[in-house]
Number of protein chains: 2
Amino acid sequence: MTDIKKKRVRRSPEEARAHILAAAAERLKSDGPDGLQVKEIAAVAGVAHSTVLHHFGSAAGLRTELVDTMGNKLLEDILAVIKSRPATEADDEVLLHVFEILSDEGHARLLAWMMLKGDHFSDGNAQMKDLFHRLIEEMAAAVISVQDDQSEKAWRSARRAARFSTMLAAVAAVGDGIAGEFLANYIGLTEKEAQGDFRIWFSELLNSQMKPEADEASS
Amino acid sequence: MTDIKKKRVRRSPEEARAHILAAAAERLKSDGPDGLQVKEIAAVAGVAHSTVLHHFGSAAGLRTELVDTMGNKLLEDILAVIKSRPATEADDEVLLHVFEILSDEGHARLLAWMMLKGDHFSDGNAQMKDLFHRLIEEMAAAVISVQDDQSEKAWRSARRAARFSTMLAAVAAVGDGIAGEFLANYIGLTEKEAQGDFRIWFSELLNSQMKPEADEASS
DNA sequence: AATATTATCGACAAAAATGTCAATAGCGCA
DNA sequence: TGCGCTATTGACATTTTTGTCGATAATATT
């Protein structure tokens with residue numbers, strides 16, 4: 001009676017790999033790195049654990065592959081947001097998007113895990129670096145363009161501010177993604193404040209910092 | 001010849017536990033959570049793995065214990081720094097110390113791991129919350145004291161700024177501890193800049209933000 | 001329709017990690 | 001010095017995780 005044979009699904013290698021990786025990502029999000037046992041992942045994917053091994057060679061291979069794909073997707077997502085930045089408009093939106101990307105999708109957890117494991121992405125580095133440099137240059141140019149002093153020294157100062165602002169935005173976004181909820185609780189921010197007002201406030205702070213009128217750090 | 005029996009050391013239970021926990025912390029720092037197998041930890045501690053089990057009951061017990069002690073030590077360290085803050089002097093020093101604590105000792109890694117696992121500290125919460133609230137109140141009071149407007153509305157505004165500044169400092173410190181090196185590389189900061197100038201710049205930014213003259217976020 | 005290919009599976013094997021236990025050896029104490 | 005307590009240990013047992021292999025079934029190809 002109960003011995004119904006479930007028809008086995010046969011995917012293309014690419015589909016199968018993608019399917020399994022999706023299951024692994026789900027486990028990582030829900031249970032952290034401890035949830036990345038082959039058996040568990042196979043269960044979520046609905047396949048035999050030997051199938052997983054078949055496609056990735058080994059458990060380690062699967063995890064490496066997972067870091068690689070997720071890491072690159074994260075970079076691409078952020079890259080896309082920054083690229084889409086309207087040249088003249090306020091940068092607020094960009095920063096808010098970055099915060100959202102890092103907090104909502106468990107991406108910060110991935111980053112944290114990667115940092116813990118010690119290995120980094122393989123791809124996308126050059127592109128990412130390049131983008132950051134362009135971004136910084138643009139920010140500096142925006143500052144320079146609205147002020148009188150356009151000397152070499154002024155450029156250096158503007159670039160410095162742009163680099164530091166970018167760094168601050170980045171570390172804040174990562175920290176917020178990983179421990180934002182936790183810290184907000186300690187500090188006494190409601191969830192709404194932490195995810196809304198606070199980010200807007202921060203965004204405005206950065207903007208005002210980049211405006212030359214407010215350069216009191218030049219002492 | 002070579003079968004020298006090493007004399008076995010016998011510690012008090014407290015000493016033994018502390019010794020083993022230290023070894024575990026070392027493994028966590030060097031190899032991340034994957035380095036927390038009892039065999040490895042026992043090897044570092046120079047004891048048999050059954051000794052570890054004897055003192056902590058189980059592998060899970062050891063790890064729980066480790067999170068607890070390290071977490072509380074981290075909180076205490078930060079607490080100590082904030083407490084030692086001279087009331088009238090600049091807050092720069094405090095922030096810099098917090099950054100150092102989180103980056104230097106692998107503390108941020110611990111935090112990251114805890115966030116990944118999903119469990120938090122057991123103790124110290126109330127004290128920490130209390131301290132944060134006092135800190136925020138003091139910051140707000142400092143702002144209010146040097147300005148004319150001391151209405152209830154002004155207080156609310158000052159507290160808000162203080163809370164947000166604290167939140168920003170916290171997430172930035174955590175993010176820097178976890179991914180600072182990585183991000184600095186992307187953004188083009190030298191190690192020296194990232195650990196020195198950047199932090200000072202950030203500290204000054206926060207200070208200037210808390211000064212009422214520079215409140216442009218009140219629009 | 002027959003055949004080749006290979007993704008999938010289950011059962012088994014190996015390895016790794018955790019846990020158990022009786023014997024041993026330091027250390028305090030009488 | 002002798003004795004009791006127990007931290008420590010190695011050998012063994014159990015559980016968990018990973019890896020292997022032949023058989024099977026779904027799909028493409030002829």
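Each chain gets a letter, A, B and so on, in the order the sequences are listed, and its residues count up from 1.
Rounded to an integer number of Å, the gap from B/K7 NZ to D/dA7 P is 18 Å. Summarising the geometry, the separation between CZ on A/R27 and C1' on D/dT17 is reported as 14 Å, rounded to the nearest angstrom.
Side-chain proximity of A/T51 to the nucleotides C/dT8, C/dT18, D/dG19 is greatest for C/dT8. Here the nucleotide nearest the side chain of B/R63, chosen from D/dT9, C/dT18, D/dG19, is C/dT18. Ranking D/dT20, D/dG10, C/dA7 by closeness to the A/P13 side chain, first place goes to C/dA7. The side chain of B/H49 approaches C/dT20 more closely than any other nucleotide in the set C/dT20, D/dA26, D/dT9. For A/Q37, counting side-chain heavy atoms from C-beta on, the closest listed nucleotide (C/dG19, C/dA7, D/dT18) is D/dT18.
Within the 4.0 Å cut-off from OP1 or OP2 of D/dT8, not a single side-chain nitrogen or oxygen of B/H54 is found. For A/H55, a side-chain nitrogen or oxygen approaches OP1 or OP2 of C/dT8 to under 4.0 Å.
Using a 4.0 Å cut-off between charged nitrogen and carboxylate oxygen, A/E193 and B/R160 do not count as a salt-bridge pair. A salt bridge does not link A/R199 with A/E100: none of the charged nitrogens is closer than 4.0 Å to a carboxylate oxygen.
Under the 4.5 Å side-chain criterion, counting only non-hydrogen atoms from C-beta, B/L102 is not in contact with B/D176.
Using the six-membered ring where Trp is involved, B/F182 and B/Y186 have ring planes that are tilted, between 30° and 60° apart.
Between B/R10 and A/S50, the residue anchored closer to the 5' end of DNA chain C is A/S50, taking for each the nucleotide with the nearest heavy atom.
Looking at A/R11, its side chain has no donor and acceptor atom pair within 3.5 Å of the base of C/dT8.
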